[in-house]
Protein chains: 2
Amino acid sequence: MQDEAIVTVRSFSRSVTQRVGIFTDRFLGRDRPLAEARLIYEIGREGCDVRELRARLDLDSGYLSRLLRSLERQGLIEVVPQQTDRRIRRAGLTSAGYRELDELDHRGDEFAGALLAPLSAAQRERIVGAMQDVERLLNVAVTTIDLEHPASSDAQWCVEQYFKELDTRFEGGFDSEQSISADPQETMPPCGAFLVARLDSRAIGCGALKTLQPGLGSIKRMWVSRSARGLGIGRRILSALEDQALELGLEVVRLETNRSLEEAQALYRRHGYTEVTAFNDDPYADFWFEKRL
Amino acid sequence: MQDEAIVTVRSFSRSVTQRVGIFTDRFLGRDRPLAEARLIYEIGREGCDVRELRARLDLDSGYLSRLLRSLERQGLIEVVPQQTDRRIRRAGLTSAGYRELDELDHRGDEFAGALLAPLSAAQRERIVGAMQDVERLLNVAVTTIDLEHPASSDAQWCVEQYFKELDTRFEGGFDSEQSISADPQETMPPCGAFLVARLDSRAIGCGALKTLQPGLGSIKRMWVSRSARGLGIGRRILSALEDQALELGLEVVRLETNRSLEEAQALYRRHGYTEVTAFNDDPYADFWFEKRL
DNA sequence: ATCATTAGCTGACTAAAGTCAGGTAATGCA
DNA sequence: TGCATTACCTGACTTTAGTCAGCTAATGAT
């Protein structure tokens, strides 16, 4: 069973990289090195900071610099310093660059059309559905969940998104001041933990753990970005938080949640949490859960 | 609808090549150029003729030669002339080469395992199924159907396979001498056509057309390899033969088939062929079909 | 026996990809 | 103000990938 799955994954990898790789090479690379074409693609219509490009394409700083100079010489891009921090430089397409990107887009569409053309309508529908599944699940597979300093910019950003969402979903809005605290000190070792889920180094979810008293912990700040819901990321964050709790020597974890967050409630129940009577007076809490680890 | 399909295909291509490409590069390429690793893979445990390697990997003859010399110097392979034709040389792994391939295999398994690990059992099942679908349908999409000289080695091979299959499926076996002819001259322009379906330049199916009398043609030698059945290749060969028939100025095409070939019958009926009374005395025919183009 | 063809090899090249050790300007911090 | 850090750049390299022309040996056809 597991063996068969591995054989399938390997066979898939080989055949798809081969079949689709040909596209990337021949279609996208219109008499231009592949790296340059990819760079144009990655800069995109809105432009992109050089540091961001370096991170996304995982390129050596010197190499990227050279590629940018080459595209600049060809009149396809412009690289200008940011106003706020003039060390950071931002690459943007010129009008010639836009045309080039249009052309790349066009070729991509052509390739996709050529791929689908020989298939019957039913086969087309089927392959499209299967591709969506594979892509979605690959995204899940490469999503990482890591311990993070709760004051880091990504962690802060997640919490901000979380608060914003609560504010729109709770009937009377949400004010973090009125809610029970989860300060940086409380949610980092040795008292707690803060986890960030990332896809392609972009934060897409978080979860925090703090110690209430010896052996008893509390889970806070469980959030998954709208784009990543329904993929089991919440479940993985929750499991990872429980692992952290065990490492901190906690035996029981608690959490409270609002009636408007139905998915969260369902997740907790599925994951072995049982409803208990109110253990605090959080003004936004409607349900209280507990689990013995 | 079509637009959405194209967007899906493109998004799939980007994400899969990125995610899976990393594997190919980092896992397979163990401190060795990718081309060499692929070559070891392709030579495999049974070894492989150099010409075959050239065809499969689509490499320049000189380049391949150099790669082989490099692997030979590393003691991983041996290249020896064939006994029957000493121009043709066959590459095989040495025991060190075997170990290397084992290692590559192991890394591949590891990669696949790592990919599946974060997924739940249900997700794993789903991605494996979707991967199979995508792979199968991509194979369909890149299958080519081309006009071919009926005496070419691939065409002959297909006909041979076809006869073999008939011999096992017909109750009393099959003797091509007793069957109605379809000689090379009859199944090539200007009288007819011979089509070969190929996947990765390997023949996987065929079909022939010959002119019986002005305006009237006959379809013969419809065969699809067992490994490629159920993918609509037969349908595509049939359509392509009809296109050929139209180009040859034929208005009606006929064909006869045996009762044991149920899939074929079903295909003909689906494709607009209607059963008619026997128009010949082929000893193996049980059903006679006809279609006005 | 002669000659064309096939299979593979070698040498000489180019382009693309990637690495690494410095360098400079801008910024942040004590 | 001075100094460390950050963001990016340049120059000098290596490796990998790939192309092309011309060569040799084996084979097949006549």
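Source: prediction; values computed, not measured.
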Next on the checklist: Using the ring-ring contact (aromatic ring centres under 6.0 Å, His included) criterion, which residues pair with Y98(A)? Sequence neighbours excluded.
Outcome noted: none
Next on the checklist: Among residues at least two apart in sequence or on other chains, which ones pass ring-ring contact (aromatic ring centres under 6.0 Å, His included) with Y63(A)?
Outcome noted: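 Y63(A): no ring-ring contact (aromatic ring centres under 6.0 Å, His included) contacts found.
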Next on the checklist: Side-chain N or O of R89(B) versus OP1/OP2 of dC9(C): is the shortest distance under 4.0 Å?
Outcome noted: yes
Next on the checklist: Heavy atoms from C-beta onward define the side chain here; which of dC9(D), dC20(D), dC20(C) lies closest to that of R66(A)?
Outcome noted: dC20(C)
Next on the checklist: Does anything in residues 70-83 of chain B form a side-chain hydrogen bond (donor to acceptor under 3.5 Å, both in side chains)? List the pairs, not counting sequence neighbours.
Outcome noted: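 Listed once each, the pairs are R32(B)-Q74(B), E36(B)-S70(B), E36(B)-Q74(B), D49(B)-Q82(B), R69(B)-E72(B), S70(B)-Q74(B), Q82(B)-T84(B).
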For [X], what residues pass the side-chain contact (heavy atoms from CB on, under 4.5 Å) criterion, not counting sequence neighbours?
X	answer
A112(B)	I6(A), V9(A), R10(A)
M188(A)	H149(A), P150(A)
S227(B)	R202(B), S225(B)
D102(B)	R45(B)

Checklist entry - Among residues 50-57 of chain A, which residues get a heavy atom nearer than 4.0 Å to DNA chain D? => result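 V50(A), R51(A), R54(A) - these, ordered by number, are the residues of the stretch whose heavy atoms sit under 4.0 Å from the strand.
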Separation of atom [atom1] in [X] from atom [atom2] in [N], rounded to whole Å:
X	N	atom1	atom2	value
Y63(B)	dG11(C)	OH	C1'	17 Å
I88(A)	dT6(D)	CD1	C1'	9 Å
L39(B)	dG18(D)	CG	C1'	15 Å
D60(A)	dT14(D)	CG	P	16 Å
L34(B)	dA17(C)	CG	C1'	13 Å
L59(A)	dA17(C)	CG	P	10 Å
R32(A)	dA17(C)	CZ	C1'	16 Å

Checklist entry - Considering heavy-atom distances to DNA chain C, does S61(A) or R90(B) have its closest nucleotide positioned more toward the 5' end? => result R90(B)
Checklist entry - Residues from residues 67-87 of chain B sitting under 4.0 Å of DNA chain C, heavy atoms only? => result R69(B), R87(B)
Next on the checklist: Under a 4.0 Å threshold between the charged nitrogen and the carboxylate oxygen, would E52(B) count as salt-bridged to R56(B)?
Outcome noted: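 Result for this pair is yes, salt bridge flagged.
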Next on the checklist: Can you tell me how far apart OG (S13(B)) and CZ (F111(A)) are? Round to the nearest 0.5 Å.
Outcome noted: 4.0 Å
